[in-house]
Structures are given as C-alpha cells and as structure tokens.
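Okay, so here's the structure we're looking at.
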Protein chains: 2
Amino acid sequence: MGADLASLSRLLGEPARAEMCVALVGGQALSAGELARAGGVAPSTASEHLSLLVAGGLLSVVTQGRHRYYRLAGPEVGDLVEYLASRTAPLPARGLSEDRRRAQLRVARTCYDHLAGVVAVSLAEALVAAAALTDDDGALHPTPTTETFFAERGIDLGATNGNKRPLVRSCLDWTERRPHVAGRVGAALLQHLLGSGAIARRPGTRAVQLNRAGKSYLSEAFGLVIAGELPS
Amino acid sequence: MGADLASLSRLLGEPARAEMCVALVGGQALSAGELARAGGVAPSTASEHLSLLVAGGLLSVVTQGRHRYYRLAGPEVGDLVEYLASRTAPLPARGLSEDRRRAQLRVARTCYDHLAGVVAVSLAEALVAAAALTDDDGALHPTPTTETFFAERGIDLGATNGNKRPLVRSCLDWTERRPHVAGRVGAALLQHLLGSGAIARRPGTRAVQLNRAGKSYLSEAFGLVIAGELPS
DNA sequence: AAGACATTTCGGTTGGTACCGAACCGTCCC
DNA sequence: GGGACGGTTCGGTACCAACCGAAATGTCTT
C-alpha cells in the first residue's frame with residue numbers, strides 16, 4: 001500500500017479523492033465517469049486522481065470495453081475508509097431528494113461486503129439477545145455457539161472467503177454510533193439475505209431495500225422486529 | 001474532530017505532521033521544540049503545524065511556564081495513528097544507533113496506553129494459551145473467564161477508565177504482523193507492569209525496558225517465557 | 001532590570017498540485 | 001467506414017500551503 005503513513009493519508013486528504021473512495025465503499029465497481037461525478041470534478045481531473053489512487057494501492061482497475069471500472073483494492077481498504085468516516089460528522093443534507101436518499105442510507109446499506117444502518121444495528125442486537133454473539137461494551141465478539149447458530153439457519157460461514165478473516169468483526173456504524181457485524185459472519189449474512197431475496201440492492205447506491213418478505217424472515221429467523229414503515 | 005474524512009486525512013497527509021503524531025503515540029506529552037525536531041522542521045513551521053493539529057482536534061495543549069506541551073487529544077487518536085501506521089511498511093533504518101533504537105522498539109514499546117512489540121505479541125499468545133483470551137483467526141476476544149483471570153492476579157480491569165471502552169480490543173502489531181492486546185485489558189496490563197516495576201519506560205522514547213524481575217514475573221503470572229537476551 | 005530561552009506571529013518566497021479545456025486514443029454502433 | 005462516446009494525456013493557469021528567518025511575546029533566571 002502507501003509507502004508511509006503520510007502518503008497514505010495524503011491520498012485521502014483530497015476531497016475529490018475521498019469522495020470517490022466513499023462512493024466505492026459499497027463494494028461495487030464504478031466507472032471513471034461515475035466517479036468523476038461523485039468527486040464533483042472534470043473527467044480529466046478525475047482520471048489523474050484515479051491513477052494516483054491505483055498507484056497508491058487503494059484502488060484496482062479492470063478495463064471492460066470502452067469502460068474502466070474501478071473498485072477498492074480489498075476489504076482492508078473498505079475497513080480503512082469506513083474507519084476514517086466513523087470519526088467524522090456527517091455533512092448537513094441539502095434538498096429534498098437528497099434527504100430521502102440519506103434516509104434510505106440510514107436505514108439499510110451495504111458496507112463493502114456486509115450490511116450497515118439501522119437494520120444492521122438492530123440485527124446485531126437481536127443476535128446478542130439470541131446469544132449468537134456477545135456485546136462487550138460496544139465491541140461484538142463471537143460465542144462458542146455462533147457457528148452452530150448460523151448453521152442451523154442454513155448460513156455457511158466458511159463459504160464466503162478464505163479463513164484468514166476473523167469470524168466476527170465489530171464495525172462502528174457511523175449513523176447509529178453503535179456496532180454492527182462485519183467479518184465472516186457479516187459477509188455471510190449479507191450474501192444470505194441478498195440470495196434469499198429478503199433485501200435487494202437499490203441500483204446506483206449503497207442503499208438496500210428491505211421488503212415485506214424480508215421483514216418476516218428476519219423476525220422468524222432472528223427474532224428481529226422492525227417497527228414502523230420503511231422508506232421506499 | 002475533523003469536519004469530514006478529507007480534512008482529517010489531510011492533517012496526517014503532511015510528513016512533518018505525521019511524524020509529530022507518531023512521536024506522540026507513546027502517550028507522553030512533548031514540547032513544541034521536541035516536536036519540531038521530530039518533524040524535521042523549523043520551530044516556526046512546527047508551530048503552524050501544531051496549531052492546525054489542535055484546531056483539527058487531534059492534539060491538545062497545556063501551557064507550562066515557557067513550554068507548551070502537546071499530547072494526543074485522546075485514546076481514539078492513538079488508535080487512529082496506530083491503525084494507519086499498521087497499514088504501512090516501516091522505513092529502512094539508517095545508521096547504527098538508529099538501528100539499536102529500532103531494535104528496542106521492536107521488542108517492547110508503549111502504544112498509547114498499552115504494550116506493543118515482540119513482548120506484547122508473545123504475551124497475547126500466552127494469554128490465549130492460558131484461556132484468558134481467544135484468538136479467532138487473528139482477532140483477539142475475551143472469554144467468560146477473562147475478568148476472573150486478571151482479578152486472581154491482582155489486576156483490576158475497571159480501574160483504568162470509564163466503562164465505555166471495550167474489554168479487549170485486538171491491535172495489529174506493525175512490526176510483528178500479529179495481534180496484541182489493547183482495550184481495557186491492554187491498558188490495565190501496562191499500568192500493572194509499570195507499577196510493579198516489571199518494565200520501565202526508557203526516557204525520551206516509546207521503547208520500554210524489560211528487566212530480569214519482569215521476566216520472571218511474566219513467567220510465573222502468565223506462563224510466558226522470553227527466550228534470549230534483550231537489547232539494553 | 002536585563003539577558004537567556006521557548007514559542008508564536010509575521011512577511012515573503014517557492015514548489016507542488018488540483019484544475020480545466022483541448023487534443024488524442026480506443027471501443028462500440030449504425 | 002464514420003460518427004458517437006468513454007477515458008486518458010497534454011499544456012497551461014492559478015492557488016494554496018509548507019517553509020524559513022526575523023521580529024515579537026512571554027517566562028524564567030540572575
């Protein structure tokens with residue numbers, strides 16, 4: 001990655017570059033043009049920023065036809081950006097549609113490869129209540145029964161990735177200021193919820209949509225009741 | 001803290017400022033002049049950097065006579081700097097005394113309020129072996145017996161701080177690439193080892209000195225045997 | 001009261017870099 | 001093949017911020 005602390009931070013110390021990375025933290029790849037818009041900058045300028053980010057090891061590129069798709073170079077980069085973002089006050093919203101977009105993000109969104117937002121935080125609490133996790137003053141940890149708990153519900157924790165990642169990682173939710181679940185469990189949960197149709201990605205954003213079937217699934221599988229209406 | 005992700009990173013994206021923060025990560029306060037030398041920059045320039053860091057919420061100042069002592073604004077800042085540093089290759093050493101300084105740091109040093117280095121990593125492993133912690137693929141977690149384990153050895157985990165901090169936090173050691181213990185347990189351990197004279201701060205650095213009494217204490221209390229001679 | 005010392009403030013120079021538009025290179029589509 | 005489109009490269013401008021030395025401020029010592 002970056003040669004030293006300063007060069008790494010310098011990369012994220014430029015508003016346009018930071019915005020681009022934040023836009024990518026959802027996990028999908030975005031084209032250079034989309035990222036230029038995300039950074040609020042001309043395509044030519046964006047191109048320079050992007051090559052810096054690639055050279056710095058934060059992003060990777062794949063060329064596809066006349067498009068070039070950029071994505072975060074790995075899960076650690078997503079962690080890094082989320083971590084930095086978590087120590088930061090969200091910017092004030094301007095405008096109505098912007099406001100609704102924010103509301104959707106606040107409720108449920110992807111955070112690289114796992115779920116974040118109100119739903120994710122509540123889910124983490126439900127898992128603690130069900131003794132599938134423990135909460136130690138804001139840090140989530142696995143229990144001896146964690147793996148069987150998910151196996152009973154047809155969720156394979158090994159399937160997601162190599163075994164080098166921790167089973168449970170606690171990720172501070174920057175909207176809720178409470179933890180949600182990352183690590184292998186977090187990734188497996190997101191995969192499973194997407195696969196079973198409980199939630200669906202909203203195209204073009206990190207926000208995800210929790211439908212009625214998803215609500216009842218969460219309730220019966222994890223004892224999680226989501227109160228109130230959800231923004232569509 | 002910083003208004004947004006970019007301004008926060010920008011603060012650490014300047015080599016002189018980054019060096020100053022790294023110098024402070026040991027936890028002690030340093031004077032403006034010392035920090036100027038640490039950053040390799042004229043006092044006047046350092047002063048500007050320091051006021052930026054204070055304005056950004058990373059550092060705090062206390063005036064004492066004709067000196068002004070700067071320190072990290074809080075434990076989270078130390079975490080932040082360590083976290084960034086952990087994703088970074090250490091710079092190559094130049095010169096002999098520099099080399100010895102590095103060796104000392106590699107063996108045992110403070111990392112804000114807990115212990116890091118070879119000794120800390122080995123200690124973490126010993127604690128896992130003693131079932132006082134568990135290691136989940138590189139992430140350390142507490143066990144049901146954690147608190148009694150330390151209580152039996154006269155180490156009070158509540159004494160260190162408010163209860164908002166997690167009991168155990170896993171901190172990736174940037175020299176060893178393996179985890180050591182942070183969080184309340186990490187802080188209590190460092191306090192206890194310093195208080196009992198098992199280790200002593202080396203003045204002017206983050207490195208700490210493990211003496212003979214300390215070795216035997218670690219051996220009998222935690223079953224940790226440190227092999228070989230230690231750099232003095 | 002005067003001198004030494006630590007630090008900050010001020011003025012001025014400089015280099016880096018973020019930025020854009022225009023030109024250039026590919027790919028896709030008619 | 002020719003046009004439209006996405007992306008990068010190039011040239012040039014402008015601004016910011018890092019830097020230093022000198023002067024100013026304040027504290028401690030004698």
Side-chain angles (χ1 to χ4, degrees), chain A residues 2-24 28-73 203-204, chain B residues 2-24 28-72 204:
Chain A
D4 62 352
L5 197 163
S7 19
L8 174 59
S9 308
R10 175 173 223 97
L11 284 175
L12 295 171
E14 213 293 322
R17 283 196 294 264
E19 283 304 318
M20 293 182 191
C21 291
V22 168
L24 286 170
Q28 327 96 354
L30 294 178
S31 68
E34 294 170 309
L35 288 170
R37 241 171 297 121
V41 93
S44 55
T45 309
S47 180
E48 293 173 9
H49 286 314
L50 289 169
S51 57
L52 285 179
L53 288 169
V54 170
L58 292 183
L59 263 46
S60 65
V61 204
V62 42
T63 306
Q64 219 166 87
R66 55 180 167 183
H67 296 270
R68 303 196 76 191
Y69 287 103
Y70 291 84
R71 66 169 68 241
L72 298 185
Chain B
D4 62 352
L5 197 163
S7 18
L8 174 59
S9 308
R10 174 170 228 103
L11 283 176
L12 294 171
E14 214 292 323
R17 284 196 293 264
E19 283 304 318
M20 293 181 190
C21 291
V22 168
L24 287 170
Q28 328 96 355
L30 295 178
S31 69
E34 293 172 308
L35 288 170
R37 241 171 299 121
V41 94
S44 55
T45 308
S47 180
E48 293 174 8
H49 285 315
L50 288 170
S51 58
L52 284 179
L53 288 169
V54 170
L58 292 183
L59 262 47
S60 65
V61 203
V62 42
T63 306
Q64 219 166 86
R66 54 182 167 183
H67 296 270
R68 303 196 76 190
Y69 286 103
Y70 291 84
R71 67 169 67 242
L72 298 186

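Chain letters run A, B, ... following the sequence lines, proteins first and then strands; every chain starts at 1.
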Practice task
Looking only at non-hydrogen atoms, find the nearest pair between Pro15(B) and Arg10(A) and report the distance.
Solution key: CD-NH1, 4.3 Å

Problem - DNA chain C contacts among residues 31-43 of chain A, heavy-atom distance under 4.0 Å - result: Val41(A), Ala42(A)

Completion exercise
Whole-Å distance, Leu53(B) CG to dT8(C) C1', equals 16 Å

Problem - Length of the CD-P vector between Glu48(B) and dC10(C), whole Å - result: 11 Å

Fill in the blank from the handout: Between Arg71(A) and Ala29(A) the two heavy atoms that sit nearest each other are NH2-CB, 3.7 Å

Problem - Shortest non-hydrogen contact from Leu24(A) toward Tyr70(A) - result: CD2-O, 3.4 Å

Problem - Any Ser47(B) side-chain nitrogen or oxygen under 4.0 Å from OP1 or OP2 of dT8(C) - result: yes

Problem - Gap separating the CE atom of Met20(B) from the NE2 atom of His49(B), nearest 0.5 angstrom - result: 5.5 Å

Completion exercise
Min and max contacting nt of DNA chain D in 5' to 3' order, chain A heavy atoms within under 4.0 angstrom, are dA4(D) to dC10(D)

Practice task
For Leu50(B) and Val61(B), run side-chain contact (heavy atoms from CB on, under 4.5 Å): C-alpha distance rounded to whole Å, both residues' side-chain angles, the deciding distance at 0.1 Å, then the answer.
Solution key: CA-CA 9 Å; Leu50(B) 288 170; Val61(B) 203; over 6 Å; no

Practice task
Taking only heavy atoms on the protein side, list every residue of residues 60-73 of chain A lying under 4.0 Å from any atom of DNA chain C, sorted numerically.
Solution key: Gly65(A), Arg66(A)

Fill in the blank from the handout: Looking only at heavy atoms, the pair that brings Gly56(A) and Leu11(A) closest together is CA-CD1, 3.8 Å

Practice task
Taking all non-hydrogen atoms of both residues into account, name the closest pair between Gln28(B) and Ala23(B) and its distance.
Solution key: OE1-O, 4.4 Å

Exercise for the section: Give the intermediate values and the outcome of side-chain contact (heavy atoms from CB on, under 4.5 Å) for residues Val54(A) and Ser51(A). Expected result: CA-CA 5 Å; Val54(A) 170; Ser51(A) 57; 5.6 Å; no

Exercise for the section: Looking only at non-hydrogen atoms, find the nearest pair between Leu12(A) and Cys21(A) and report the distance. Expected result: CD2-SG, 3.8 Å

Problem - Criterion side-chain contact (heavy atoms from CB on, under 4.5 Å) on Leu72(A) and Leu58(A), from CA distance to verdict - result: CA-CA 6 Å; Leu72(A) 298 185; Leu58(A) 292 183; over 6 Å; no

